[in-house]
Amino acid sequence: MFLGLEIGSWAEWFGSAGTILTVWLSISFYGKDNRVRFLIRQTRNILKESKDGSIKSSEGVTLYGFNDSSRTALLTFCGFYLQPCRMLRIRLWWINKLVASQGMNRWVYKLIERRAEIRPIGDINIKNLFFGNEFETVKGFGRTTDQKIPLEYLLDNAVNMLRQDKYNSKRLKKGKEIIVVYVFQKHDGTEYHSRMVLDTEMTKKIKEKLKA
């Protein structure tokens with residue numbers, strides 16, 4: 001007898017508690033291990049191999065994603081847009097969180113449609129969820145293929161966006177930074193973003209193109 005309980009009762013109690021703890025830890029670990037952690041790297045140049053085997057560098061941006069998890073994922077590069085005002089950024093962040101949570105599967109299409117409606121105009125190509133043929137299979141701890149965006153393509157699209165974007169047009173006139181948001185998407189609609197501030201030289205070229 002110990003603290004009013006038979007020794008056998010204490011052993012059963014500890015055994016049950018141990019079982020519950022083991023199950024909880026297993027579920028917790030599975031929940032963490034089952035999520036895809038996706039990292040995006042960007043460099044400010046494009047490397048190409050010439051016919052003689054030498055490597056040449058040209059102006060532009062190179063992006064690739066790294067699947068920093070043990071789970072295989074279907075991913076694709078969607079394009080880019082200019083970062084909007086804070087209020088719209090918050091709305092887009094919440095929608096993406098709801099999509100990624102997988103707790104609102106019955107509403108996922110509506111959420112993605114809404115995200116597309118309120119997002120600023122950009123060079124965005126959203127793939128068909130679950131049925132897209134252009135998704136890339138990225139195994140655990142693997143990386144995507146490189147996405148190479150030539151500088152002129154980036155600048156031309158930024159100019160087209162600015163002509164329809166009052167918020168960023170005002171920022172440009174006031175000499176404030178313009179941020180490009182690059183978008184990767186998982187097959188379930190979850191988006192992953194990488195941001196790039198346009199440098200002084202890029203901003204100068206954009207202003208020249210807007211005047212032309």
Side-chain angles (χ1 to χ4, degrees), residues 35-50 54-84 88-89 92-93 95-97 99-100 112 115-116 118-130 132-162 164-165 168 171-172 176-206 209:
R35 288 194 293 267
V36 172
R37 186 165 179 260
F38 189 65
L39 309 175
I40 302 171
R41 177 177 171 80
Q42 57 173 271
T43 56
R44 295 291 185 94
N45 64 346
I46 295 176
L47 299 178
K48 290 183 179 180
E49 185 176 352
S50 60
S54 61
I55 302 297
K56 293 185 177 180
S57 176
S58 60
E59 291 184 306
V61 177
T62 300
L63 300 129
Y64 70 83
F66 179 71
N67 180 8
D68 189 25
S69 62
S70 60
R71 185 181 183 185
T72 298
L74 297 176
L75 295 152
T76 189
F77 176 66
C78 293
F80 56 90
Y81 61 92
L82 301 182
Q83 180 169 282
L88 185 49
R89 293 202 306 269
L92 290 168
W93 183 86
I95 290 175
N96 198 50
K97 281 293 181 182
V99 172
I112 291 169
R115 183 174 64 191
I118 67 174
R119 180 167 33 213
I121 295 171
D123 178 51
I124 291 288
N125 180 19
I126 300 300
K127 312 299 179 184
N128 291 326
L129 295 180
F130 309 114
N133 294 322
E134 297 183 54
F135 283 94
E136 180 181 2
T137 301
V138 183
K139 294 183 178 180
F141 306 107
R143 54 168 287 177
T144 66
T145 54
D146 289 348
Q147 302 296 325
K148 299 177 180 180
I149 306 172
L151 180 62
E152 281 302 308
Y153 181 85
L154 174 62
L155 296 180
D156 287 344
N157 276 277
V159 167
N160 292 334
M161 295 173 203
L162 282 164
Q164 305 173 71
D165 186 338
N168 278 297
R171 290 181 64 84
L172 185 66
K176 295 184 178 180
E177 64 184 23
I178 303 298
I179 300 174
V180 175
V181 181
Y182 298 104
V183 183
F184 281 80
Q185 180 185 289
K186 192 151 66 79
H187 77 282
D188 63 1
T190 303
E191 287 186 351
Y192 303 92
H193 305 127
S194 178
R195 290 166 175 80
M196 182 188 80
V197 178
L198 295 179
D199 60 30
T200 304
E201 189 61 31
M202 288 181 178
T203 302
K204 181 181 177 181
K205 290 180 179 179
I206 285 173
K209 285 177 177 287

Self-check item: side chain to side chain contact (heavy atoms under 4.5 Å, CB included) assessment of Ile46 paired with Lys48
Solution: CA-CA 7 Å; Ile46 295 176; Lys48 290 183 179 180; 4.1 Å; yes
Practice problem: Assess whether salt bridge (charged side-chain N to carboxylate O under 4.0 Å, His left out) is satisfied between Glu191 and Arg115, documenting all intermediate values. | Solution: CA-CA 11 Å; Glu191 287 186 351; Arg115 183 174 64 191; 3.4 Å; yes
Practice problem: Decide yes or no on side chain to side chain contact (heavy atoms under 4.5 Å, CB included) for Leu92 and Ile118, but give the supporting numbers first. | Solution: CA-CA 8 Å; Leu92 290 168; Ile118 67 174; 3.7 Å; yes
Self-check item: Stepwise side chain to side chain contact (heavy atoms under 4.5 Å, CB included) test for Arg41 and Thr43
Solution: CA-CA 7 Å; Arg41 177 177 171 80; Thr43 56; 4.1 Å; yes
Exercise. Assess whether side chain to side chain contact (heavy atoms under 4.5 Å, CB included) is satisfied between Tyr81 and Ile121, documenting all intermediate values.
Key: CA-CA 7 Å; Tyr81 61 92; Ile121 295 171; over 6 Å; no
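A donor and an acceptor atom, one from each side chain of Gln42 and Ser194, are located under 3.5 Å apart.
Going from atom CG of Asn168 over to atom CE of Met161 covers 10.0 Å, rounded to the nearest 0.5 Å. The CG atom of Leu39 lies 5.0 Å from the CG atom of Asp68; values are rounded to the nearest 0.5 Å.
Stacking of Arg143 on the aromatic ring of Tyr64 is recorded, both the 6.0 Å distance cut-off and the 45° axial limit being met.
Looking at Leu63 and Asp146, their side chains never come closer than 4.5 Å, going by heavy atoms from C-beta outward. Looking at heavy atoms from C-beta onward, Thr137 lies in side-chain contact with Thr72 at the 4.5 angstrom threshold. Looking only at side-chain heavy atoms (C-beta outward), Leu88 and Pro120 come within less than 4.5 Å of each other. Residues Thr62 and Gln147 fail the side-chain proximity criterion, which asks for heavy atoms closer than 4.5 Å. Using a 4.5 Å heavy-atom cutoff, the side chains of Leu162 and Leu172 are in contact. Between Met196 and Leu198 there is a side-chain heavy-atom pair separated by less than 4.5 Å.
What you find for Thr190 and Val99 is that their closest heavy atoms are N-CG1, 3.8 Å. The two atoms that bring Gln185 and Cys78 nearest to each other are CB-SG, 3.5 Å, heavy atoms only. Here the shortest heavy-atom pairing between His193 and Val183 reads CD2-CG2, 3.7 Å. The two residues Asn160 and Gln164 make their nearest non-hydrogen contact at O-NE2, 3.3 Å.
With hydrogens and angles ignored, the 3.5 Å screen pairs a side-chain donor or acceptor of Asp199 with a backbone N or O of Met202. Judged purely by atom type and a 3.5 angstrom limit, Asn67 uses its side chain to pair as donor or acceptor with the backbone of Val138. Of the possible donor and acceptor atoms, none in the side chain of Glu134 sits under 3.5 Å from a partner among the backbone N and O of Thr76. Judged by distance alone, with hydrogens and angles left aside, the side-chain atoms of Ser70 form no donor-acceptor pair with the main-chain N or O of Gly140 at under 3.5 Å.
The aromatic rings of Phe141 and Phe66 sit tilted relative to each other, their planes meeting at an angle between 30° and 60°. Between Phe77 and Tyr182, the ring planes lie tilted relative to each other; the angle falls in the 30° to 60° range.
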Donor-acceptor pairs under 3.5 angstrom involving side-chain atoms of residues 148-159: please list them, not counting sequence neighbours.
{"from": "Lys148", "atom 1": "NZ", "to": "Leu47", "atom 2": "O", "distance (Å)": "2.9"}
{"from": "Glu152", "atom 1": "OE1", "to": "Lys209", "atom 2": "NZ", "distance (Å)": "3.0"}
{"from": "Tyr153", "atom 1": "OH", "to": "Asp123", "atom 2": "OD1", "distance (Å)": "3.0"}
{"from": "Tyr153", "atom 1": "OH", "to": "Asp123", "atom 2": "OD2", "distance (Å)": "3.2"}
{"from": "Asp156", "atom 1": "OD1", "to": "Lys209", "atom 2": "NZ", "distance (Å)": "3.0"}
{"from": "Asn157", "atom 1": "ND2", "to": "Tyr153", "atom 2": "O", "distance (Å)": "2.8"}

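Shown here is Arg44, whose CZ atom has more than 12 heavy atoms of other residues, nucleotides or ligands within 6.0 Å.
Contacts of Phe38 classified as ring-ring contact (aromatic ring centres under 6.0 Å, His included), with partners at least two apart in sequence or in another chain: Phe184, Tyr192. Scanning for side chain to side chain donor-acceptor pair (under 3.5 Å) contacts around Arg195 gives Gln83, with sequence neighbours left out.
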